[in-house]
Amino acid sequence: MLIDSNKHSMKIIRLKYISDDYFNKAWELYENAFPFEERKSLEAQSYILLNKNYHFDVLIDKDQFIGFILWWNFDTYRYIDHFATAVEERNKGIGKLMINKFINNNDKPIILEVELPTSNINKRRIKFYERIGFKLNEHHYEIPPAKEDQSPLQLLLMSYPYFISQKDVNLFIEKYHPIIFSIK
């Protein structure tokens with residue numbers, strides 16, 4: 001997939017193996033951009049890459065790694081698992097460009113998780129997605145712990161293009177959490 005804007009002609013490459021080009025750069029960003037309790041282990045990531053519904057997409061501009069979007073293609077939703085742009089590429093509109101391209105190449109509602117709006121960075125992240133058109137759903141939502149000795153993590157779901165009901169949240173948890181969170 002190619003992303004074009006005035007300044008960029010970027011391509012998105014789907015990685016299938018941890019040995020693929022750009023994986024190490026993407027993994028370094030993943031480990032730095034997300035809290036420990038929200039990350040999968042490298043072993044788990046290696047295994048999940050084999051799932052046909054999972055996409056580990058990296059954004060490349062002139063052979064330079066720009067960012068990634070990790071997502072699942074399910075029957076009823078596309079679920080953005082993780083999304084980040086390289087530190088040196090932030091605040092240039094690339095993240096918005098990536099998400100808008102993802103939306104435009106999509107025929108299903110999109111769901112993603114955000115941390116509770118308890119800090120300025122979390123509030124800014126929510127506002128970023130709201131400016132693009134995502135809706136913040138206030139339903140109770142938690143994910144299983146990433147590691148054995150942790151508690152479940154309290155998050156909120158954002159959805160595009162419309163709000164989802166608590167019933168939709170419960171169905172998402174019942175149907176897709178066993179797939180998303182089966183491997184730690």
Side-chain angles (χ1 to χ4, degrees), residues 26 29-41 44-45 48 51 53-57 59 67-87 89-91 93-184:
L29 176 59
Y30 174 80
E31 289 189 315
N32 291 323
F34 297 97
F36 177 77
E37 58 273 5
E38 292 181 25
R39 297 190 317 244
K40 291 176 176 42
S41 68
Q45 187 64 61
I48 290 169
N51 188 307
N53 293 323
Y54 183 74
H55 297 252
F56 193 119
D57 292 345
L59 180 66
F68 63 75
I69 184 167
L70 313 180
W71 61 281
W72 293 84
N73 186 19
F74 293 125
D75 295 339
T76 52
Y77 294 103
R78 286 196 176 181
Y79 166 73
I80 297 175
D81 201 343
H82 292 90
F83 162 71
T85 54
V87 174
E89 300 299 331
R90 292 185 185 155
N91 301 312
I94 292 171
K96 181 180 177 188
L97 191 68
M98 276 181 78
I99 295 295
N100 279 330
K101 188 67 172 178
F102 185 79
I103 288 168
N104 292 335
N105 287 329
N106 185 31
D107 58 351
K108 299 174 190 172
I110 302 168
I111 291 180
L112 58 85
E113 298 162 347
V114 291
E115 294 165 321
L116 301 177
T118 53
S119 70
N120 284 339
I121 193 159
N122 293 357
K123 290 174 186 173
R124 282 198 331 261
R125 196 170 288 127
I126 290 167
K127 291 289 182 209
F128 167 80
Y129 288 115
E130 286 178 332
R131 283 192 302 274
I132 295 171
F134 280 82
K135 311 294 186 220
L136 182 63
N137 299 276
E138 300 283 345
H139 313 300
H140 173 77
Y141 178 74
E142 65 182 29
I143 63 169
K147 309 294 183 266
E148 293 296 322
D149 58 344
Q150 295 175 331
S151 300
L153 188 60
Q154 304 295 312
L155 299 170
L156 290 172
L157 284 177
M158 295 190 79
S159 53
Y160 181 92
Y162 46 76
F163 287 100
I164 58 174
S165 68
Q166 182 66 60
K167 181 180 176 187
D168 292 330
V169 171
N170 294 343
L171 289 171
F172 176 76
I173 291 168
E174 180 183 318
K175 189 168 184 179
Y176 301 122
H177 271 202
I179 299 167
I180 297 166
F181 301 108
S182 64
I183 305 282
K184 312 243 192 273

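Computation of the quantities below employed the complete heavy-atom set of this structure, encompassing side-chain atoms and omitting hydrogens, waters and symmetry-equivalent molecules.
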[atom1] of [X] to [atom2] of [Y]: how many Å apart, nearest 0.5 Å?
X      : Y      : atom1 : atom2 : value
Ile80  : Met98  : CD1   : CE    : 9.0 Å
Phe83  : Leu70  : CZ    : CG    : 10.5 Å
Ile180 : Asn53  : CD1   : CG    : 10.5 Å
Ile126 : Leu116 : CD1   : CG    : 8.0 Å
His82  : Glu38  : NE2   : CD    : 6.0 Å
Asp168 : Ile173 : CG    : CD1   : 11.0 Å

For the student: nearest non-hydrogen atoms of [X] and [Y], plus distance:
X      : Y      : value
Val169 : His140 : CG1-O, 4.1 Å
Asn122 : Pro117 : CB-CA, 4.2 Å
Tyr162 : Pro109 : OH-CG, 3.0 Å
Ile179 : Lys175 : CD1-O, 3.9 Å
Leu155 : Glu115 : CD2-CA, 3.7 Å
Pro144 : Phe181 : CD-CD1, 3.7 Å

Can you classify the ring geometry of [X] versus [Y] as parallel (below 30°), tilted (30 to 60°) or perpendicular (above 60°)?
X      : Y      : result
Trp71  : Phe102 : perpendicular
Phe34  : Tyr30  : tilted
His177 : Phe172 : perpendicular

Taking the side chain as C-beta and beyond, is there a heavy-atom pair between [X] and [Y] under 4.5 Å?
X      : Y      : value
Lys40  : Asp81  : yes
Val114 : Leu136 : yes
Glu130 : Met158 : yes

More than 12 non-hydrogen atoms from neighbouring residues, nucleotides or ligands closer than 6.0 Å to [atom1] on [X], yes or no?
X      : atom1 : answer
Lys108 : NZ    : yes
Asn104 : CG    : yes
Asn32  : CG    : yes

| query | Quick one: which of Phe74, Tyr160, Tyr77, Trp72 gives a side-chain contact (heavy atoms from CB on, under 4.5 Å) with Ile111? | reply |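 In the set Phe74, Tyr160, Tyr77, Trp72, the residue that makes a side-chain contact (heavy atoms from CB on, under 4.5 Å) with Ile111 is Tyr77.
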
| request: Determine, stepwise, if the pair Leu59 / Ile69 fulfils side-chain contact (heavy atoms from CB on, under 4.5 Å). | output: CA-CA 8 Å; Leu59 180 66; Ile69 184 167; over 6 Å; no

| request: Say whether, by atom type as modelled, one donor and one acceptor occur between the side chain of Asn106 and the main chain of Ile103 under 3.5 angstrom. | output: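 Not at all, since once roles are kept as given, no pair shorter than 3.5 Å links the two residues.
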
| Test item: His139 side-chain N/O and Ile164 main-chain N/O as donor-acceptor pair under 3.5 Å |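 Pair found, side chain donor or acceptor close to backbone of Ile164.
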
| query | Taking atom types as modelled, is there a side-chain donor on Tyr176 or Thr76 under 3.5 Å from an acceptor on the other? | reply |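 Looking only at side-chain atoms, Thr76 and Tyr176 do form a donor-acceptor pair, the distance falling under 3.5 Å.
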
| task | Verify side-chain contact (heavy atoms from CB on, under 4.5 Å) between Ile48 and Phe56, making sure each step is shown before the conclusion. | result | CA-CA 9 Å; Ile48 290 169; Phe56 193 119; over 6 Å; no

| Residues two or more places apart in sequence or in another chain: which of them pass side chain to side chain contact (heavy atoms under 4.5 Å, CB included) with Phe163? |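 Phe163 satisfies side chain to side chain contact (heavy atoms under 4.5 Å, CB included) with Lys135, Asn137 only.
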
